Amino acid sequence: MTKVHFRQIDDSNRGDHSRLTPEDSCFFLYEFTAFEHTNGLGFRFSDTNQLIHNLKKKPSERLIKGGW
């Protein structure tokens, strides 16, 4: 996994977050890339996508695999 560091939403990336205004103060750790922007790589596209893939669990699998 890549090194963890906070990034702030600012003028350079606010366009990706249409509901945030310049008055908002917002930080994030990782950035997920939607499948349609991964050139077919999906969860293999980045460490963040892999992390999300590993954490996802379908509700239908809860009774079969247990956990949550």
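All figures in this text were calculated on a predicted structure; none of them were measured in a lab.
- Summarising the geometry, atom NE2 belonging to His5 is positioned 8.0 Å from atom CZ belonging to Phe28; distances are rounded to the nearest 0.5 Å.
- Listed by chain and residue number, Glu23, Asp24 satisfy the side chain to side chain donor-acceptor pair (under 3.5 Å) test with Thr21 (two or more places apart in sequence, or in another chain).
- Cluster annotation: Tyr30 is connected to Phe6 through the hydrophobic network of ILVMFWY side chains, with a link wherever side-chain heavy atoms come within less than 4.5 Å.
- Taken from CG in Asn49 to CD in Glu31, the straight-line distance is 10.0 Å, to the nearest 0.5 Å.
- Of the possible donor and acceptor atoms, none in the side chain of Asn54 sits under 3.5 Å from a partner among the backbone N and O of Leu51.
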For residues 33-45, please give each side-chain donor-acceptor pair under 3.5 Å, one per line with the distance, not counting sequence neighbours.
| unit_1 | atom_1 | unit_2 | atom_2 | d |
| --- | --- | --- | --- | --- |
| Thr38 | OG1 | Phe35 | O | 2.8 |
| Thr38 | OG1 | Leu41 | N | 3.4 |
| Thr38 | OG1 | Gly42 | N | 2.9 |

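- A distance of 11.0 Å separates CZ of Arg7 from CG of Leu29, quoted to the nearest 0.5 Å.
- Residues meeting the side chain to side chain contact (heavy atoms under 4.5 Å, CB included) test with Ser25, sequence neighbours left out: Gln8, Phe27.
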